Amino acid sequence: MRLPDFIHIGTGKSATTWLFSVLSKHSDIYLTPVKETNFFDLNYHRGIAWYGRFFDEAKNEAVVGEISHRYIHHRAAADRIKSDVGNVKIIVGLREPRDYCISDYLFTKRNGRFSGTLDEWCETGFDWETIAYQTMLEPFLSTFGKDHLCVYRFDDLSANPQNVLNRITDHLAVSRRILSDAEHSPVNTAARPRNVAIANLVNRSSKFVKRRGGQRLVAAIKYNPVVQRLLYRSVIQRPQISSKWSQEIIDYTRPHAKWVDDKLDVELVTSWKLGQ
């Protein structure tokens with residue numbers, strides 16, 4: 001049974017759908033046929049044989065891996081991965097915290113799970129632990145070591161996706177792959193529901209099925225372009241976060257970003273203008 005050589009652990013909203021698409025086309029890389037197996041968080045009780053079946057179709061690729069952006073939020077995931085798979089390479093994408101908050105707000109509204117304003121989201125809906133970078137990354141750093149972690153910034157990927165892809169393929173020790181013109185565009189852009197009740201039902205049904213091992217079914221429906229067009233329409237203009245909540249997020253994030261900079265040499269504080 002072949003098991004992963006690398007895992008992208010998150011976070012969400014860091015171009016994981018785009019990365020899944022481009023890495024799947026690399027001749028030296030095998031990715032699970034579905035993004036988000038959720039084995040090391042939601043489906044761990046199903047056992048390693050269940051997980052291994054996601055890699056059954058791998059052939060002679062140099063490396064195999066998966067992308068499951070929830071792992072970074074699960075306290076036991078690092079130990080589970082090390083115990084069951086070994087010293088795999090870890091990939092992490094981080095998004096500027098204010099931008100992440102807005103993206104998370106739009107995603108939640110898209111799925112019919114929140115109907116308030118952005119200010120109300122910051123106050124009552126937003127999970128602040130999703131930008132607690134030290135809390136999320138410390139277990140993986142202590143378990144796998146700095147050399148096994150590749151951390152990229154979403155803003156770098158947006159500005160120059162080829163450079164970030166090169167860093168990731170270098171980290172995996174496989175050949176570099178040149179992106180096509182079309183692959184420089186985002187894949188999973190912000191959207192709003194055509195019908196809030198239906199979007200909410202679809203989202204809750206997706207979670208229900210994922211917790212019962214139905215990742216393949218969810219992926220087949222979720223990434224179907226016809227389904228996406230029927231359920232959602234594009235967001236014309238992104239909302240702006242207020243100065244109050246912008247400062248709250250900066251103050252909350254700064255110590256976490258400093259820790260990442262000190263431990264992993266990523267330069268979040270400077271890049272994201274989080275102050276001193």
Side-chain angles (χ1 to χ4, degrees), residues 1-12 14-74 76-93 139-140 143-144 148-150 165 168-177 179-180 183 187-188 202-203 205-228:
M1 178 172 62
R2 194 167 182 184
L3 292 172
D5 304 291
F6 72 92
I7 299 176
H8 190 305
I9 61 170
T11 62
S14 63
T16 54
T17 301
W18 176 87
L19 195 59
F20 181 83
S21 175
V22 299
L23 290 182
S24 295
K25 298 171 186 173
H26 195 298
S27 60
D28 292 332
I29 297 173
Y30 176 83
L31 275 183
T32 53
V34 299
K35 178 172 164 271
E36 301 166 35
T37 69
N38 299 113
F39 174 64
F40 292 105
D41 57 339
L42 299 180
N43 291 303
Y44 195 64
H45 63 284
R46 299 185 185 280
I48 196 69
W50 179 88
Y51 182 53
R53 287 197 288 273
F54 284 99
F55 303 93
D56 280 348
E57 296 174 13
K59 297 181 176 62
N60 298 316
E61 293 87 356
V63 295
V64 302
E66 73 146 325
I67 296 176
S68 284
H69 64 249
R70 294 170 56 97
Y71 293 163
I72 197 170
H73 304 297
H74 197 284
D79 285 341
R80 289 175 175 179
I81 293 169
K82 184 65 176 284
S83 174
D84 291 348
V85 183
N87 209 28
V88 299
K89 293 182 177 180
I90 301 295
I91 302 171
V92 181
F140 290 92
T143 301
F144 295 98
H148 274 68
L149 268 65
C150 174
L165 180 62
I168 291 171
T169 51
D170 290 352
H171 180 64
L172 300 178
V174 297
S175 61
R176 292 183 173 184
R177 177 182 177 274
L179 294 170
S180 67
E183 288 172 330
V187 174
N188 197 13
V202 169
N203 181 255
S205 299
S206 171
K207 290 184 176 181
F208 178 85
V209 174
K210 278 185 177 182
R211 283 167 171 78
R212 284 151 183 82
Q215 271 64 25
R216 294 175 191 270
L217 174 61
V218 170
I221 296 172
K222 181 177 180 180
Y223 298 109
N224 184 297
V226 175
V227 173
Q228 292 295 308

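Counting from 1, the numbers follow the sequence of the chain as shown. For clarity, every value in this text was computed on a predicted model and none was experimentally measured.
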Original post:
Taking C-beta and beyond as the side chain, do Leu19 and Ile168 meet within less than 4.5 Å on heavy atoms?
Top reply: yes
**OP:** Taking all heavy atoms of Leu149 and all of Phe140, pick out the closest pair and write down the distance.
**Re:** CD1-O, 3.9 Å
Original post:
Mind checking what makes side chain to side chain donor-acceptor pair (under 3.5 Å) contact with Arg80, not counting sequence neighbours?
Top reply: none
**OP:** Would you please name every residue forming a salt bridge (charged side-chain N to carboxylate O under 4.0 Å, His left out) with Asp84, sequence neighbours left out?
**Re:** none
Original post:
Mind checking what makes side-chain contact (heavy atoms from CB on, under 4.5 Å) contact with Ala173, not counting sequence neighbours?
Top reply: Lys89
Original post:
What closest approach, in Å, do His26 and Thr169 show between heavy atoms, and which atom pair accounts for it?
Top reply: CD2-CG2, 4.1 Å
Original post:
side-chain contact (heavy atoms from CB on, under 4.5 Å) with Ala58: which residues, sequence neighbours excluded?
Top reply: Arg2, Tyr30, Glu61, Val64
Subject >> For Tyr71, all residues meeting ring-ring contact (aromatic ring centres under 6.0 Å, His included), sequence neighbours excluded >> reply: Phe40
Subject >> Residues that Ser27 engages under side-chain contact (heavy atoms from CB on, under 4.5 Å), provided they are two or more places apart >> reply: none
**OP:** Say whether, by atom type as modelled, one donor and one acceptor occur between the side chain of Thr32 and the main chain of Val34 under 3.5 angstrom.
**Re:** yes
**OP:** Report yes or no: does His8 contribute a side-chain atom to a donor-acceptor pair with the main-chain N or O of Gly65 at less than 3.5 Å?
**Re:** no
Original post:
Quick one: are Pro4 and Tyr51 in side-chain contact, heavy atoms under 4.5 Å?
Top reply: yes
**OP:** State which residues pass side chain to side chain donor-acceptor pair (under 3.5 Å) with Thr16; sequence neighbours excluded, sorted by chain then number.
**Re:** Lys35
Original post:
Do His148 and Val88 touch side chain to side chain, with heavy atoms closer than 4.5 Å?
Top reply: no
Original post:
Is any side-chain heavy atom of Ile81 less than 4.5 Å from a side-chain heavy atom of Phe39?
Top reply: no
**OP:** In sequence, state the C-alpha distance, the side-chain angles, and the governing distance for Ile91 and Leu172, and then conclude on side-chain contact (heavy atoms from CB on, under 4.5 Å).
**Re:** CA-CA 9 Å; Ile91 302 171; Leu172 300 178; 4.3 Å; yes
Original post:
Heavy atoms, side chains only, cut-off 4.5 Å: are Leu165 and Leu23 in contact?
Top reply: yes
**OP:** Working to the nearest 0.5 Å, report the span between CD1 of Ile9 and NE2 of His69.
**Re:** 12.0 Å
**OP:** Taking all heavy atoms of Ser14 and all of Gly10, pick out the closest pair and write down the distance.
**Re:** OG-C, 4.3 Å
**OP:** Using side chain to side chain donor-acceptor pair (under 3.5 Å) as the criterion, list what pairs up with Ser83, not counting sequence neighbours.
**Re:** none
**OP:** For Met1 and Ile48, run side-chain contact (heavy atoms from CB on, under 4.5 Å): C-alpha distance rounded to whole Å, both residues' side-chain angles, the deciding distance at 0.1 Å, then the answer.
**Re:** CA-CA 10 Å; Met1 178 172 62; Ile48 196 69; 4.1 Å; yes
**OP:** Apply salt bridge (charged side-chain N to carboxylate O under 4.0 Å, His left out) to Lys25 and list each qualifying residue two or more places apart in sequence or on a separate chain.
**Re:** Glu183
Subject >> Distance-minimising heavy-atom pair for Pro139 and Ala78 >> reply: O-CB, 3.8 Å
**OP:** Identify the heavy atoms of Arg70 and Asn38 that sit nearest to each other, and give their distance.
**Re:** CD-ND2, 3.1 Å
Subject >> Distance, nearest 0.5 Å, that separates OG1 of Thr37 from CZ of Arg53 >> reply: 12.5 Å
Subject >> Atom of Val174, atom of Ala62 and distance for their closest heavy-atom approach >> reply: CG1-CB, 4.2 Å
Original post:
How many angstroms lie between atom CD of Glu36 and atom CG of Asn43, to the nearest 0.5 angstrom?
Top reply: 11.5 Å
Original post:
With sequence neighbours excluded, what pairs up with Asp79 under the side chain to side chain donor-acceptor pair (under 3.5 Å) test?
Top reply: none
**OP:** Count the heavy atoms of every other residue, nucleotide or ligand shown that sit under 6.0 Å from CG of Asn60, and state whether that count exceeds 12.
**Re:** no
